[in-house]
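In what follows, every chain begins at residue 1, and chains take the letters A, B, ... in the order their sequences are listed.
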Amino acid sequence: MAKGKRMTIQEAVQLINDGDMITFSGFTIWRRPMAIVYEMVRQRKKNLHLIEVNSGTHGEILIGAGCVKVLETCWIGHELYGKVGANAARKLKSGELIVEDYSHVHMIMRFAAGAMGVPYLPTRASLGTDILNPEYDALGKHGLRDGSNPRIPRRKFEFLTDSFYGEQGDIIHVPAARPNVCIAHVQQVGEEGTVRVYGQRYSDAEAMKAADRVIVVAEEIVPEEVIRQDPTANLIPHYLVDAIVEQPWGAHPTGCFGYYEVDGMFIRDFYNKTRTQEGFDAWAEEWILKVNSFDEYLYKIGFRRLDMLRANSSYKYSTRVKRGA
Amino acid sequence: MAKGKRMTIQEAVQLINDGDMITFSGFTIWRRPMAIVYEMVRQRKKNLHLIEVNSGTHGEILIGAGCVKVLETCWIGHELYGKVGANAARKLKSGELIVEDYSHVHMIMRFAAGAMGVPYLPTRASLGTDILNPEYDALGKHGLRDGSNPRIPRRKFEFLTDSFYGEQGDIIHVPAARPNVCIAHVQQVGEEGTVRVYGQRYSDAEAMKAADRVIVVAEEIVPEEVIRQDPTANLIPHYLVDAIVEQPWGAHPTGCFGYYEVDGMFIRDFYNKTRTQEGFDAWAEEWILKVNSFDEYLYKIGFRRLDMLRANSSYKYSTRVKRGA
Amino acid sequence: MRNNHSPAKPGEYKLIELLAVAGAREIRDGEVVFAGTGLPMLAVTLAQKTTAPRASIIYEAGSMDGRPVHLPSSVGDARCEYRASVSSGLLDVFSQLQRGVVDLAFLGGAEIDRYGNVNTTSIGGDYFHPAVRLTGSGGNPDINSLARRTVFIMVQEKRRFKEQVDYVTSPGWRVKKWPGGEWVTRQEAFGSVFRGGPVAVITSMAVFRFDEETGEMYLDTVHPGVTIEDVKNNVGFDLDVSRCRGETPPPTYHELYLLRNVIDPEGLFLGN
Amino acid sequence: MRNNHSPAKPGEYKLIELLAVAGAREIRDGEVVFAGTGLPMLAVTLAQKTTAPRASIIYEAGSMDGRPVHLPSSVGDARCEYRASVSSGLLDVFSQLQRGVVDLAFLGGAEIDRYGNVNTTSIGGDYFHPAVRLTGSGGNPDINSLARRTVFIMVQEKRRFKEQVDYVTSPGWRVKKWPGGEWVTRQEAFGSVFRGGPVAVITSMAVFRFDEETGEMYLDTVHPGVTIEDVKNNVGFDLDVSRCRGETPPPTYHELYLLRNVIDPEGLFLGN
């Protein structure tokens with residue numbers, strides 16, 4: 001049943017078109033679909049419009065590689081391992097990248113609206129901030145809110161008041177996020193596409209449900225009959241999933257609950273080396289372009305390091321990795 | 001820690017005030033907090049305002065007993081075992097009960113709005129129906145939308161249009177549900193109040209989160225340290241729960257996934273006997289007022305019948321109960 | 001009987017079996033179907049075991065593509081969740097519905113009008129003092145609003161097929177646009193989010209469909225043993241019978257075998 | 001050291017330990033605290049092990065009242081979920097925040113003004129071509145908008161304590177009301193849903209609080225070894241120092257024991 005969903009990373013990335021609006025699973029440096037991201041760079045995707053609750057190392061790679069035209073998010077960085085998104089900052093300043101700032105609540109509500117099939121949701125978060133300053137509407141400034149792209153809303157915000165409970169103070173409407181594609185990395189997917197996520201689920205459900213197409217990379221493809229033995233533990237029904245790929249370690253260097261730790265050294269090295277475009281290009285040459293496949297990348301990382309990152313089966317994280325100073 | 005939350009059914013019901021707006025866990029005839037409902041009748045609660053996605057046997061009992069002034073819902077009945085809510089119908093016709101009709105999506109979005117802390121949510125559901133007919137605004141007709149009760153919105157609906165995506169057609173805003181109390185029956189609660197629900201979770205999370213106070217009756221109170229071994233399986237954090245009560249079979253005659261089946265015979269008997277007020281009064285005398293406690297009620301039902309309803313541990317429902325014609 | 005795909009003869013099947021089969025034939029393989037308790041469950045399960053093995057079913061209490069081995073008695077039933085893809089809750093499944101995931105819905109009704117407006121709320125008297133108060137809407141109008149196609153399954157009686165229903169619980173092809181109340185087409189009411197609407201009404205006597213232009217109901221097929229005149233006598237408005245294609249195809253022996261021995265051996269809905 | 005509740009002397013503790021202790025003292029028992037990575041985790045965990053054993057912590061990635069045995073390196077970390085009451089996702093925890101569940105929040109910032117407006121977005125140049133582009137808001141403004149009290153933890157530098165921040169990422173006590181941009185009080189901006197705002201700024205040199213009437217920042221305590229003059233020299237606006245209560249209470253030996261041996265023995269945030 002639905003065997004057609006299973007494919008290689010290369011095939012899955014061919015489902016992504018230049019100019020697509022894209023979102024991702026995960027949170028900052030956790031459970032990002034890195035194997036797909038590397039392949040997107042190899043296939044030289046262009047003019048992507050990233051829309052995410054928050055971004056992270058994966059976004060920095062796509063932006064550094066010149067795949068991205070627009071980034072709508074509330075945050076980009078690498079947590080402890082790199083305090084800003086240096087590639088995004090550089091390309092923003094050079095005018096190569098449009099950055100649209102929303103707050104965290106704005107973004108999660110945008111995805112919730114997309115998932116719920118409504119054009120907007122109301123919120124009270126972040127009143128009184130420059131996020132709401134009409135002068136700082138980046139997509140508007142760039143003439144992209146003219147309605148010609150059906151996925152870009154005609155306004156950044158709408159301001160209303162409550163007529164039900166007589167509450168004073170503005171209500172903000174944030175527009176639904178309506179990406180073409182969600183690329184997700186999860187722990188398990190069934191052969192038919194049923195998705196199971198272990199640990200914190202971040203904004204994965206909303207991201208996958210808001211998108212028109214869903215590509216799921218999993219640590220393990222498991223028998224559908226097994227994953228269905230506990231349907232309350234599953235997150236996304238198979239009929240919402242278009243493509244499934246099995247790729248162990250596919251979120252490296254980001255972390256994957258129950259499977260492996262964030263590779264902080266790797267991310268810090270990326271951050272330190274890619275603060276200039278020349279630095280990024282050299283890094284990408286070494287870690288993406290000269291490496292033909294994700295398996296080759298893992299071989300380059302090496303068993304010893306990967307095994308150190310491997311999670312303890314009770315704690316769900318590595319107790320052997322060296323953290324701290 | 002937080003030992004103060006554990007109490008008896010009698011004590012928990014004392015937390016409910018006359019005139020309170022109340023909601024419940026469960027769905028139609030599944031996982032309803034019946035032990036509490038019976039005690040509410042014994043304590044003769046008055047002027048309650050029930051607000052629920054859908055109602056069922058529990059609502060029929062409270063309404064038949066004269067505890068309820070307003071019912072806001074999309075449905076009341078007993079599924080296969082009684083096709084309408086005969087007590088609600090009778091008291092609507094006699095003018096003793098105000099019924100405010102919303103649709104299922106309207107009601108779940110009302111609870112989602114309450115849980116999200118916003119005064120309304122938008123939806124597209126049920127356009128073109130008499131649910132939206134302003135003449136059929138029951139609370140408005142009864143002068144209850146004047147703002148004097150802060151939990152009753154000043155309008156039943158608001159009509160808007162989308163300014164983000166240029167979508168034609170009305171958007172409906174439905175007002176948040178803001179009940180005083182949610183009374184929930186669940187399978188397990190930790191000693192500190194962490195709630196775990198097995199099987200379909202219906203609108204339990206939204207109901208509990210929309211309410212100011214939460215009373216949880218569980219089949220089992222379990223060690224908090226055990227329920228916290230798998231926090232992704234838990235539904236509600238302990239700090240949102242005010243009172244916990246252990247009452248095995250506490251949802252009877254409604255069903256409880258993994259524990260017991262709906263007692264269809266009991267519900268059908270209720271439905272058949274309570275279509276008149278005299279019939280209801282006699283039924284309530286027999287099953288509620290002459291019975292001092294839920295334990296006594298269970299004794300009256302009898303071991304044989306209860307054991308027949310008990311769920312098979314693999315299937316999660318009874319394979320021994322006689323269903324069908 | 002098990003593998004005999006020839007049609008059964010009148011008297012060899014019950015009405016409810018015919019309806020389940022007629023319902024099953026509305027389902028296309030791979031579709032996502034939103035269904036309620038009873039006949040719709042029989043129809044979808046039968047379709048999954050015959051012509052639409054890849055159809056998925058959503059039940060409004062929160063289960064998605066369950067594969068029950070015992071027929072559920074309600075959408076809240078634990079049986080719905082057996083081998084489901086996901087089991088969660090109302091907000092999840094109704095959000096998916098609103099998002100546009102659902103291809104086909106099966107619903108019931110107490111009254112219907114020529115445009116497919118359905119009443120499950122109250123009959124007679126006025127709204128605040130009805131002669132008969134029913135259950136209320138449930139998810140009927142939501143599902144019918146937001147799925148691509150809706151099939152209603154109803155009892156055929158003159159008093160149920162009315163020129164105008166007493167209360168529009170679920171929207172047909174011509175509806176009132178509130179808060180003003182002016183009559184508009186369904187397409188106008190839903191605007192850009194119009195996805196479709198009622199495509200068939202399967203009753204105890206016949207199958208009806210709706211004219212794509214006018215949105216008016218017409219007779220499509222009559223059940224074996226029922227005449228067009230019988231149907232007209234049980235419809236309270238002037239019915240277009242000019243397009244009647246003949247008889248509703250009866251169940252095959254194989255379909256009857258599945259219904260009786262595999263799908264509802266307990267006789268939960270089929271009876272004994 | 002383990003049970004010695006007397007204050008440690010200067011030189012016996014690091015600045016970060018003082019800040020963690022100062023943070024912990026802002027927490028009242030039983031409160032629900034929304035905290036980010038780093039110092040806030042140290043502060044909350046310390047409070048839970050001393051004066052506020054019943055405080056619960058929410059991390060924005062989705063964990064509620066986790067009881068980590070190893071300090072998390074990020075709110076997305078699996079360690080956050082260890083023995084949590086619930087672990088779910090962003091929509092759940094931010095909805096709870098908006099619903100009013102959160103008593104206290106710990107946040108950081110790159111720049112702050114006298115009214116507690118904080119910038120974590122961009123510095124210098126103009127917004128579209130900044131000299132320095134930072135991470136963006138994250139949950140900072142949301143949490144600060146919707147919690148009852150907010151405590152900011154920051155580095156003290158003149159260039160960071162500015163008359164006016166370059167971009168208001170997170171709202172203080174006087175803010176611009178958009179889309180018009182007129183300056184209003186925080187109470188006016190939030191109307192009926194006003195719940196509170198920044199109550200303290202804990203920096204590398206001092207603790208600041210805000211006047212209840214004017215919303216202006218004033219000096220509350222200076223850290224041991226720091227003078228009021230030092231603080232004034234590191235604030236870019238005219239600072240009210242008239243209410244300074246003296247020194248920030250230093251950590252006790254017991255608190256230091258807990259921080260070093262129980263809470264962060266790996267030196268993840270404390271260093272070695």
Asker: Counting heavy-atom pairs closer than 4.5 Å to chain A, which one of D:A84, D:S170, D:G38, D:S87 comes out on top?
Answerer: D:S87
Asker: In terms of heavy-atom pairs under 4.5 Å, which option from A:D204, A:V105, A:V262 contacts chain D the most?
Answerer: A:V105
Asker: Sort out for me which residue in A:Y317, A:F257, A:Y315 forms a ring pair (Phe, Tyr, Trp, His ring centres under 6.0 Å) with D:Y82.
Answerer: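 By the ring pair (Phe, Tyr, Trp, His ring centres under 6.0 Å) criterion, D:Y82 pairs with just one of A:Y317, A:F257, A:Y315: A:Y315.
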Asker: Using side-chain heavy atoms (C-beta onward) and a distance below 4.5 Å, is A:N133 in contact with D:Y167?
Answerer: no
Asker: In terms of heavy-atom proximity below 4.5 Å to chain D, should A:A138 be classed as side chain, backbone, both, or neither?
Answerer: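 Interface part for A:A138: both.
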Asker: Answer with side chain, backbone, both or neither: which region of A:F27 has an atom nearer than 4.5 Å to a non-hydrogen atom of chain D?
Answerer: side chain
Asker: Within the distance-only criterion (no hydrogens, no angle test), does the side chain of D:Q98 pair as donor or acceptor with the backbone N or O of A:R124 below 3.5 angstrom?
Answerer: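 Here the side-chain-to-backbone pair exists.
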Asker: Measure up the A:H142 and D:F128 rings against each other and bin them: parallel (under 30°), tilted (30 to 60°), perpendicular (over 60°).
Answerer: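 Rings of A:H142 and D:F128: perpendicular, over 60°.
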Asker: So if I take each residue of residues 135-155 of chain D and look for any heavy atom under 4.5 Å from a heavy atom in chain A, which residues do I end up with?
Answerer: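 Near chain A, by residue number: D:T135, D:G136, D:S137, D:G138, D:G139, D:P141, D:D142, D:S145, D:L146.
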Asker: Anything in residues 70-79 of chain D with a heavy-atom distance to chain A below 4.5 Å? Please list those residues in order.
Answerer: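 From residues 70-79 of chain D, the residues near chain A are D:H70, D:L71, D:P72, D:S73, D:S74, D:V75, D:G76, D:D77, D:A78, D:R79.
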Asker: Roughly how far apart are A:H104 NE2 and D:E60 CD, rounded to 0.5 Å?
Answerer: 5.0 Å
Asker: A side-chain contact here means heavy atoms from C-beta on lying under 4.5 Å apart; do D:D92 and A:R201 qualify?
Answerer: no
Asker: Side chains of A:F111 and D:L90, heavy atoms from C-beta outward: is any pair under 4.5 Å?
Answerer: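 A side-chain contact is absent here, since even the closest heavy-atom pair is not under 4.5 Å.
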Asker: Tell me, for A:M107 versus chain D, whether the close heavy atoms (under 4.5 Å) come from the side chain, the backbone, both or neither.
Answerer: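 Contact with chain D is absent: no heavy atom of A:M107 under 4.5 Å.
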Asker: Hey, are the side chains of D:R133 and A:V99 touching, using non-hydrogen atoms and a 4.5 Å cut-off?
Answerer: yes
Asker: Of the listed residues (A:E79, A:R31, A:K316), which shares the most heavy-atom pairs with chain D below a 4.5 Å separation?
Answerer: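 Option with the greatest count: A:E79.
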Asker: May I have all residue pairs that pass salt bridge (Lys or Arg N to Asp or Glu O under 4.0 Å) and include part of residues 130-139 of chain A, sequence neighbours excluded?
Answerer: A:E135-A:K141, A:D137-A:R145
Asker: Which atom pairs, one a donor and one an acceptor, fall under 3.5 Å between side chains of residues 175-184 of chain D and the rest of the protein, sequence neighbours left out?
Answerer:
from	atom 1	to	atom 2	distance (Å)
D:K177	NZ	A:D170	OD1	3.4
D:K177	NZ	A:D170	OD2	3.0
D:W178	NE1	A:T129	O	3.1

Asker: Given that the side chain runs from C-beta out, which part of D:A131 has a heavy atom under 4.5 Å from chain A: side chain, backbone, both or neither?
Answerer: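 The backbone, not the side chain.
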Asker: Kindly say whether A:Q168 contributes a backbone atom to a donor-acceptor pair with the side chain of D:S192 at under 3.5 angstrom?
Answerer: yes
Asker: Side-chain contact test, heavy atoms from C-beta onward, threshold under 4.5 Å: evaluate it for A:E167 versus D:V193 and give yes or no.
Answerer: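 Side-chain contact under 4.5 Å: yes.
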Asker: So what's closer than 4.5 Å to chain D heavy atoms on A:Y165: side chain, backbone, both or neither?
Answerer: neither
Asker: Would you say that A:S203 contacts D:L91 through its side chain, given a criterion of any heavy-atom pair below 4.5 Å between the two side chains?
Answerer: no
Asker: Need one label for A:Y136: side chain, backbone, both or neither, based on atoms under 4.5 Å from any heavy atom in chain D.
Answerer: both
Asker: Quick one: does D:T120's side chain get under 4.5 Å of A:W75's, heavy atoms only?
Answerer: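 Heavy-atom side-chain distance check fails, nothing below 4.5 Å.
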Asker: Which pair of non-hydrogen atoms, one from A:R323 and one from D:E266, has the smallest distance, and what is that distance?
Answerer: NH2-OE2, 2.7 Å
Asker: Of the non-hydrogen atoms in A:L127 and D:A189, which two are nearest, and what is the gap between them?
Answerer: CD1-O, 3.6 Å
Asker: Would you confirm whether A:Q200, through its side chain, and D:S63, through its main-chain N or O, come within 3.5 Å as a donor-acceptor pair?
Answerer: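 Checking the backbone N and O of D:S63 against the side chain of A:Q200, a donor-acceptor pair under 3.5 Å is found.
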Asker: Output the option from A:L92, A:I172, A:T28 having the highest count of non-hydrogen pairs under 4.5 Å with chain D.
Answerer: A:L92
Asker: Under 4.5 Å from any heavy atom of chain D, what part of A:T73 do you find: side chain, backbone, both or neither?
Answerer: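 No part of A:T73 comes within 4.5 Å of chain D.
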Asker: Does D:K162 NZ have over 12 foreign heavy atoms under 6.0 Å away?
Answerer: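 Above 12, so yes.
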Asker: Taking side chain as everything from C-beta outward and backbone as N, CA, C, O, which of these in D:T121 sits under 4.5 Å from a heavy atom of chain A? Side chain, backbone, both or neither.
Answerer: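 Contact with chain A: side chain only.
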Asker: Is the CD atom of D:E12 crowded by more than 12 outside heavy atoms at less than 6.0 Å?
Answerer: yes
Asker: Less than 4.5 Å to any heavy atom of chain D: does that hold for the side chain of A:S318, its backbone, both, or neither?
Answerer: backbone
Asker: Which of the residues A:I98, A:L80, A:V197 is involved in the greatest number of heavy-atom pairs with chain D at under 4.5 angstrom?
Answerer: A:L80
Asker: Using a cut-off of under 4.5 Å for heavy-atom pairs, which of A:D162, A:T319, A:L132 has the most such pairs with chain D?
Answerer: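 Looking at each option in turn, the highest pair count goes to A:L132.
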Asker: Do you know which of A:G255, A:A125, A:S126, A:A89 has the most heavy-atom pairs with chain D at a distance under 4.5 angstrom?
Answerer: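 The answer is A:S126.
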